[in-house]
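A short worksheet on the structure shown next.
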Number of protein chains: 4
Amino acid sequence: MAGVNKVILVGNLGRDPEIRHLENGTPVANFTLATSESYTDRNTKERKTTTEWHNIVLWRGLAEIAEKYLRKGNSVYIEGKITTRSYQDQQGVTKYITEIVGQNMTMLGGAQRNDNAGNGYPAQQPANQQVNSPQAQPMASKQETPASVDFSSDETDDLPF
Amino acid sequence: MAGVNKVILVGNLGRDPEIRHLENGTPVANFTLATSESYTDRNTKERKTTTEWHNIVLWRGLAEIAEKYLRKGNSVYIEGKITTRSYQDQQGVTKYITEIVGQNMTMLGGAQRNDNAGNGYPAQQPANQQVNSPQAQPMASKQETPASVDFSSDETDDLPF
Amino acid sequence: MAGVNKVILVGNLGRDPEIRHLENGTPVANFTLATSESYTDRNTKERKTTTEWHNIVLWRGLAEIAEKYLRKGNSVYIEGKITTRSYQDQQGVTKYITEIVGQNMTMLGGAQRNDNAGNGYPAQQPANQQVNSPQAQPMASKQETPASVDFSSDETDDLPF
Amino acid sequence: MAGVNKVILVGNLGRDPEIRHLENGTPVANFTLATSESYTDRNTKERKTTTEWHNIVLWRGLAEIAEKYLRKGNSVYIEGKITTRSYQDQQGVTKYITEIVGQNMTMLGGAQRNDNAGNGYPAQQPANQQVNSPQAQPMASKQETPASVDFSSDETDDLPF
DNA sequence: TTTT
DNA sequence: TTTT
């Protein structure tokens, strides 16, 4: 059966990405992303804000970009799909977690950026620069500080669209 | 902070919608939706399918549409947002559930429809008919069998776009 | 600057796809897609329908799928991007045309299907079947009658997500 | 027939919004939005950028927000639908123009902001603040400088989702 | 030109 | 638990 499972988020990182590597070396990044919306309470007429937290998972090249350029507080556009998986917690209880697996990402210059002075990380990324990079392959040029990576439109270089 | 939290799903109902009513009468519908994708296993070259299950929540008019026209197996387009809430299970353990709150829905004619013969349910809905209905208000005409309801573009009647 | 240019359409083909081939053999399919919405006229209280027509362009594998399985009247989900190009008409006047370049497509079983009896075309496609196929490469199995092709998630076979 | 006609754009304004008013006072804003993507030329291995320009139309409250807070160069998220209309140019020739009618908008802090010093315009908007405002009705508080307005989720104040 |  |  044909399905569509698409998520589009614009929000801010709740913490720095955590990077792990599978045994075969494949990098994975995890972080939380807050998407907020505000509304006026019908009774009190007060402005209120609700925030939704999303568990983001990025693989391979996107994980590397996250490691290099994303920090707590940064604003990003993420396109991906919803996945739910189960795992055993420390008491052996089966738990479920829903995560967004990112397939496309664009850094937005909207939020404060940690410049991570003296921490070995690059400080500033140019807001809204873009890179299109083959999946399962490191960024061609490590000097670039991309604000967008779309692993979903690989191989379109040099094509008539 | 400005956020975007948008989900787009095309899938099939895993079961008939369950309808409840809040104390004030507000209807809520719940069902699960399967979105499948198929791929070729790199090693075995076999075709495989993975299915993701989504917990769908519909409120008010959309819940009424679901009650009337959606059945197990039906194919629908659902646009909404991701929400996660916690609750206490029967052992008093805090659990989390991620749900998709539908904001727009279009029935697709893709899957077999239960005609629920003799069960008090309406049998066939015309595939791909559309209705635009004010939120928090029952469908104007109960005779209609809409395949699409968009509560997000209310009040656009008679406007220049 | 980082950009997002994404279109999501569910609609019906206004005519059979036209297939052309570039000099290097690359196939291109063109057709129009109608997306309709209905609303109630605020004054007359009549139900009205407005239809928007989109110029769809599909390349390579998606063009081949369209040629094989899509016919006038069929219902499809198309994800792509907006592009505008100029050309000279027969009087030498510069004209502009906006087109949707499809990047992902799912056939929906919603509309009547032309079975094209005796016309050399395959008659029925199974509604809502799915195929994921490498870009710039013909379908692995011509016997399959896919209802979904996503060229944007190529190469994800055998990966941990 | 059930249709979906949805566009999601993240880009930068090519010029300040132009605001007009219908005879009945309804405000309309027009501007162009650039969405860029970069890629590596397969032959020259050079980084290249292509930019797509979109004609944006905003009505009522969104037009007012645009007038107040959007300037050339600003980065915005816009969700809307594709529309094509015809008109007669000054030679009486029928022309077609495709426009994106915005239904939801979020200001992103990504691009340089004109501070329009001494021009009577408000200078800085707080990046990524959000407002949800009833359609066809001016913003409740003119003091606010919203970065997000979603006219598609009106009337959801005080509701259980 | 589609669809209901 | 759906769908093909």
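Here is how names work: the chains are called A, B, and so on, in the same order as the sequence lines, proteins then strands, and each is numbered from 1.
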Please determine if B:Glu79 and B:Lys6 form a salt bridge, counting it only when a charged side-chain N lies under 4.0 Å from a carboxylate O.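 Looking at B:Lys6 together with B:Glu79, the answer is yes, because their closest N to O distance falls below 4.0 Å.
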Flag the pair D:Asp89 and D:Lys95 as a salt bridge only when some basic side-chain nitrogen lies within less than 4.0 angstrom of an acidic carboxylate oxygen. yes
Calculate the interatomic distance between [X] atom [atom1] and [N] atom [atom2]; express it in whole Å.
X: B:Ile56; N: F:dT1; atom1: CD1; atom2: C1'; answer: 13 Å
X: C:Leu70; N: E:dT2; atom1: CG; atom2: P; answer: 16 Å
X: C:Glu52; N: E:dT4; atom1: CD; atom2: P; answer: 19 Å
X: B:Tyr69; N: E:dT4; atom1: OH; atom2: C1'; answer: 13 Å
X: C:Asn74; N: E:dT2; atom1: CG; atom2: P; answer: 13 Å
X: B:Asn12; N: F:dT1; atom1: CG; atom2: C1'; answer: 11 Å
X: C:Glu37; N: E:dT4; atom1: CD; atom2: P; answer: 18 Å
X: B:Leu108; N: E:dT2; atom1: CG; atom2: C1'; answer: 15 Å

Mind checking side chain to side chain donor-acceptor pair (under 3.5 Å) for B:Glu46 and listing every partner two or more places apart, or none if nothing turns up? B:Thr44
Measure from the ring centre of C:Trp53 to the centre of the six-membered ring in the base of E:dT2, then say whether that distance is under 5.5 Å and the planes meet at under 30°.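 A stacking contact does not exist, since C:Trp53 is not both close and nearly parallel to the base ring of E:dT2.
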Per B:Thr32 side chain, nearest of listed nucleotides E:dT2, F:dT2, F:dT1: F:dT1
Which one, F:dT2, E:dT2, E:dT1, comes nearest to the side chain of C:Arg15?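 Side chain of C:Arg15 sits closest to E:dT1.
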Nearest heavy-atom neighbours spanning B:Ile82 and A:His54: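 Closest heavy-atom pair between B:Ile82 and A:His54: CB-CE1, 3.8 Å.
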